[in-house]
Amino acid sequence: MRAAAVSFQRLEVQSFGGPDVIQWVQDETLPEPGAGEVRIRVEASSLVFTDMLIRRNLYPVLKLTLPLTLGYDFVGRIDRIGAGVTRWRVGDRVADLIQLGGNATHLVRPAASLVAVPQGLEATQVEPLILSYMTAYQALFREGGAKAGDAVLICGASGAVGLAALDLCRAFGVRAVGVASAKREQAVTRMGAAFVAYDQIGSSLRLDRWSRELGGFAVVLDAARGEALSSLMARLAPAGRLVVAGFTAALRAGQGAGKWRGLMAKLGLGFDFVRIKSMSSMPFLSQRVVFYDVSGQRAEHPAHFQDDLTMLLSLLEAGRIAPHVQRVFGLDEAVEAHRLIETGQVEGRIVLDLTRPAAHHPERRRRPGVPEHAALETQAAG
Ligand SMILES: NC(=O)c1ccc[n+]([C@@H]2O[C@H](COP(=O)([O-])OP(=O)(O)OC[C@H]3O[C@@H](n4cnc5c(N)ncnc54)[C@H](OP(=O)(O)O)[C@@H]3O)[C@@H](O)[C@H]2O)c1
């Protein structure tokens, strides 16, 4: 059956740099699934700090080559099935974590890696679960071992991972103290957490007091790296865990600075990363320090990823969690969206909506070597 012509649009980076390097491009041919693969019509994808790191080639564990398509994750509907795939049908809704390629109207994935998504859920509510909530959940509960009734400290509490962590603490009966800038107090306390501002005098003393009153934190989730490791460890309970997931504070310090300060920030970050990794293998500590890496965990424990995303989707369906989405952007607004991320103006999440019609057209080009008549045909859904 023939369906209406569609185009393949995406956010491409052809040289590393600031938000202006993002190109909104269109091909006249859709990617085709091979054996064991499916093609997905994407509904929503990531716009997060990690995409910004990839755009600037600062992402530590990925060897990047240009051009690349941004987008760490996606949710969408299968619109074409490759040979040998029996598990999925056209029209099924799926999600995945992919590091690159999600900021596109279409993409091709191995059928085996996808997670089923319930039909009724809003795509812009599902998307934050795949990277941000997954990171918060696995860092707090799988790595940190947090349990109902525990007290935890969340550094970077107003960001994508931080607000997800607070939402999950509320859902699982974990007491939380959140650290963010003073202007984000309401975002943190709305989630039922206690709040400490990192940019106000006396914040360190206030955290020490919380820690004493609570007998030390069972888990410290650090998505910011704004404080010395020794200070964070001093706030742990005797068998507590410090789980480091991100370096926002260090990276913000290097941004917009001169070339040398930027380089020093990058070197300092690398040193910090190596130190955390080496501390994680110190067997004589009753407290533990670990670096959490969502893609590494997914590669090592694919079943955990499947189970955890399915569990997060059921929490969303039951109304037990509610991602804080500040704004939804279209493909034509991506540069503005990345500027907001880069200047620390996002509270919780922003999301890319790949179904929204744009006011104008992207740069157009045809893939070399592909005849025009091969383009623009999709299988009808259902
Ligand atoms: N390891 C992994 O697998 C993994 C997965 C996802 C994300 N990440 C990383 O984790 C980090 C956080 O990600 P995200 O998406 O949540 O970023 P985000 O949305 O930009 O949030 C960053 C948070 O850090 C806070 N912050 C900045 N400077 C701080 C400081 N000096 N002290 C305490 N908090 C500070 C910000 O607070 P204000 O805005 O109020 O200043 C905000 O709450 C990023 O580095 C990201 O790349 C890692």
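Given the structure is predicted, the values throughout are model-derived calculations rather than measurements. Just follow the structure's listing: the first ligand is 1, and inside any ligand the first atom is 1.
Protein heavy atom in closest approach to atom 31 (N) of ligand 1: Ala249 CB, 3.5 Å. Closest to atom 46 (C) of ligand 1 among all protein heavy atoms lies Thr50 OG1, 3.6 Å. Ranking protein heavy atoms by distance to atom 4 (C) of ligand 1, first place goes to Ala245 O, 3.7 Å. Taking atom 40 (O) of ligand 1 as the reference point, the nearest protein heavy-atom neighbour is Ser181 OG, 2.6 Å. Closest protein heavy atom to atom 17 (O) of ligand 1: Phe49 CB, 3.6 Å. Looking only at protein heavy atoms, the nearest one to atom 39 (O) of ligand 1 is Arg252 NH2, 3.1 Å. Distance from atom 24 (O) of ligand 1 to its nearest protein heavy atom, with residue and atom name: Gly156 CA, 3.4 Å. Ranking the protein heavy atoms by distance from atom 45 (O) of ligand 1 puts Phe247 N, 3.1 Å first.
Those atoms of ligand 1 with a heavy atom of Gly246 less than 4.0 angstrom away are 9 (C), 10 (O), 11 (C), 45 (O).
Note on Arg241 versus Glu143: no salt bridge recorded, every NZ/NE/NH1/NH2 to OD/OE distance being 4.0 Å or above. The pair Arg327-Glu336 counts as a salt bridge, with a side-chain nitrogen and a carboxylate oxygen less than 4.0 angstrom apart. The pair Asp308-Arg142 meets the salt-bridge criterion, with a side-chain N (NZ, NE, NH1 or NH2) lying under 4.0 Å from an Asp/Glu carboxylate O. Salt bridge annotation for Arg175-Asp150: absent, with no cationic side-chain nitrogen under 4.0 angstrom from a carboxylate oxygen.
Cluster annotation: Leu331 and Val351 are assigned to distinct hydrophobic clusters (Ile/Leu/Val/Met/Phe/Trp/Tyr, side-chain heavy-atom contacts under 4.5 Å, transitive).
Within 6.0 Å of CH2 in Trp88 there are more than 12 heavy atoms belonging to other residues, nucleotides or ligands. Heavy-atom neighbours of Glu317 CD from other residues, nucleotides or ligands within 6.0 Å: above the threshold of 12.
Contacts of Leu53 with ligand 1, taken as heavy-atom pairs under 4.0 Å, involve the side chain alone. Only the side chain of Thr135 comes within contact range of ligand 1, with a heavy atom under 4.0 Å; no backbone atom does. Looking at Ser295 against ligand 1, nothing comes within 4.0 Å, counting heavy atoms. Only the side chain of Tyr198 comes within 4.0 Å of ligand 1, judged by heavy-atom distances.
The CE atom of Met191 sits 4.0 Å away from atom CZ of Arg170, with the distance rounded to the nearest 0.5 Å.
Polar contact check, Gly226 against ligand 1: no nitrogen or oxygen pair lies under 3.5 Å apart. Here's the thing with Val48: none of its N/O atoms is less than 3.5 angstrom from an N/O atom of ligand 1.
For Asp307, the salt bridge (charged side-chain N to carboxylate O under 4.0 Å, His left out) criterion is met by no residue, not counting sequence neighbours. Partners of Phe172 according to the ring pair (Phe, Tyr, Trp, His ring centres under 6.0 Å) rule, which considers only residues two or more places apart in sequence or in another chain, are Phe141.
Within the 4.0 Å heavy-atom shell around ligand 1 one finds Asp293.
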